[in-house]
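Everything quoted here is computed from the prediction, not taken from an experiment.
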Amino acid sequence: MSLDSAPSAVAKVVLVLEALPNARGVTEISRSTGLSTSTVHRILRELAAVGWVRVDSDHHYLPGVRLLSLAGQSAGVTQLVRPILQRLCADTGHTVHFALRSGDEAVYVDKLEGDRAYTMRSRVGLSIPLYCTAIGKAILAGLSAPELREVLARIPLVALTPRTITDPDLLNAHLSAVAARGYAVDDEENEAHTRCLGAAVLDHHGVPVGGISVSALAFDLDRAKVRTCAPLLIAAARAASHALGLPQA
């Protein structure tokens, strides 16, 4: 974006947002936009406060969930991932969700109902906790150790059901197991009688920006069904990550 005169306040915000794909730090963005570092820092801080940008563990600025959600309403992230969700839903017969991280929560941005006689109570736009949901735990398991410590220090581990993991040491051990196997299980930890599998979706830097889940009533997603669905879910999350720019291995 080029301007012949001094940019207005709105134009400065646009300049910063346009710089995000190629410039991550305050100094880089300042250099690419011609704005002062103090102005860039203030704009980024305000954008982060409303979820338009987020900060990773390396203090780089990345598009936030609200910005990604707006893109998804046109030809962006949701449209890229939707065919993958449709295949997963058809292959498993269960409800499938796609959520994006928003700070210490995640937000559902797409949902496809399964072929069961019942429906899940979730909805697009609903915020979900990270520590006790399948998508949330998959996201946490993919964070760097320093960022994970910071997030868990901020999140109150409230018991939403008798199965919720509220001990920080137990949760850390649990997340290590999640990282090792590539998917998380919400075993009635967020909502009674509901079991979910979740796998993280990564951006082009390999950072978890969201996740995909398969959800059902607990009786309908037993251990045998978990073993059947897990590889399909992992493959779907990998395909979604590649669709969002993660290089092929």
Side-chain angles (χ1 to χ4, degrees), residues 20 24-26 41 44-69 77 97-109 122 125-161 163-191 196-213 215 233-234 237-238 240-241 244-246:
L20 278 180
R24 300 295 183 184
V26 172
H41 186 264
L44 289 170
R45 188 175 63 247
E46 293 179 1
L47 289 172
V50 296
W52 276 57
V53 301
R54 61 186 179 85
V55 187
D56 67 12
S57 58
D58 295 320
H59 303 290
H60 292 161
Y61 289 88
L62 304 168
V65 66
R66 291 183 182 273
L67 188 58
L68 290 172
S69 296
V77 62
H97 298 95
F98 176 39
L100 294 173
R101 183 185 175 189
S102 178
D104 294 339
E105 297 179 319
V107 178
Y108 288 135
V109 295
S122 53
L126 179 69
S127 296
I128 58 173
L130 297 182
Y131 69 97
C132 62
T133 60
I135 286 177
K137 291 192 292 182
I139 291 171
L140 289 177
L143 298 179
S144 66
E147 185 173 7
L148 178 59
R149 284 194 297 269
E150 291 176 6
V151 172
L152 292 183
R154 293 193 302 264
I155 296 177
L157 303 182
V158 178
L160 300 183
T161 78
R163 292 178 176 266
T164 307
I165 301 173
T166 57
D167 182 281
D169 293 333
L170 289 179
L171 182 58
N172 269 298
H174 180 81
L175 293 175
S176 294
V178 170
R181 69 172 176 243
Y183 69 94
V185 179
D186 163 9
D187 190 14
E188 301 184 66
E189 297 162 49
N190 183 56
E191 186 177 342
C196 306
L197 310 181
V201 173
L202 311 179
D203 67 9
H204 61 291
H205 293 291
V207 176
V209 292
I212 295 174
S213 68
S215 303
L233 171 67
I234 292 171
R238 186 180 302 117
S241 300
L244 297 184
L246 181 71

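A search for side chain to side chain contact (heavy atoms under 4.5 Å, CB included) contacts involving Ile165 returns Leu170, Leu171, His174, Glu189, not counting sequence neighbours. The salt bridge (Lys or Arg N to Asp or Glu O under 4.0 Å) test applied to Arg163 returns Asp187, Glu188, not counting sequence neighbours. Remark: Asp169 engages Asp167 in a side chain to side chain contact (heavy atoms under 4.5 Å, CB included) (not counting sequence neighbours).
For the atom pair CG of Leu130 and CG of Leu143, the computed distance is 8.0 Å after rounding to the nearest 0.5 Å. Going from atom OG1 of Thr133 over to atom CG of Leu160 covers 10.0 Å, rounded to the nearest 0.5 Å.
When every heavy atom of Ile135 is checked against every heavy atom of Ala99, the shortest pair comes out as CD1-CB, 3.8 Å. The minimum heavy-atom distance between Val178 and Ala141, with the atom names listed, is CG1-CB, 3.6 Å. Considering all non-hydrogen atoms of both residues, Ser102 and Val107 come closest at CB-CG2, 3.9 Å. Of all heavy-atom pairs spanning Pro208 and Gly142, the tightest one is CD-O, 3.6 Å. Closest approach of Ala200 to Ala237, counting heavy atoms only: O-CB, 3.4 Å. Summarising the geometry of Val185 relative to Lys137, their closest heavy-atom pair is O-NZ, 2.6 Å, with the distance given to 0.1 Å.
Taking the side chain as every heavy atom from C-beta outward, Leu152 and Leu140 approach each other to under 4.5 Å.
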For this session: Begin from the C-alpha positions of Tyr131 and Asp104 and carry the test side chain to side chain contact (heavy atoms under 4.5 Å, CB included) through to its verdict.
Result: CA-CA 9 Å; Tyr131 69 97; Asp104 294 339; over 6 Å; no
For this session: Give the intermediate values and the outcome of side chain to side chain contact (heavy atoms under 4.5 Å, CB included) for residues Leu126 and His97.
Result: CA-CA 11 Å; Leu126 179 69; His97 298 95; over 6 Å; no
For this session: Give the intermediate values and the outcome of side chain to side chain contact (heavy atoms under 4.5 Å, CB included) for residues Val158 and Thr164.
Result: CA-CA 8 Å; Val158 178; Thr164 307; over 6 Å; no
Exercise. Are Val201 and Phe98 close enough, and set up right, to give a side chain to side chain contact (heavy atoms under 4.5 Å, CB included), and what steps lead you there?
Worked result: CA-CA 9 Å; Val201 173; Phe98 176 39; 4.2 Å; yes
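Paired with Cys132 under the rule side chain to side chain contact (heavy atoms under 4.5 Å, CB included), one option of Ile155, Leu157, Asp186, Asn190 passes, and it is Asn190.
Using a distance-only test at 3.5 Å, with no hydrogens or angles considered, no donor-acceptor pair links the side chain of Arg149 to the main chain of Val151.
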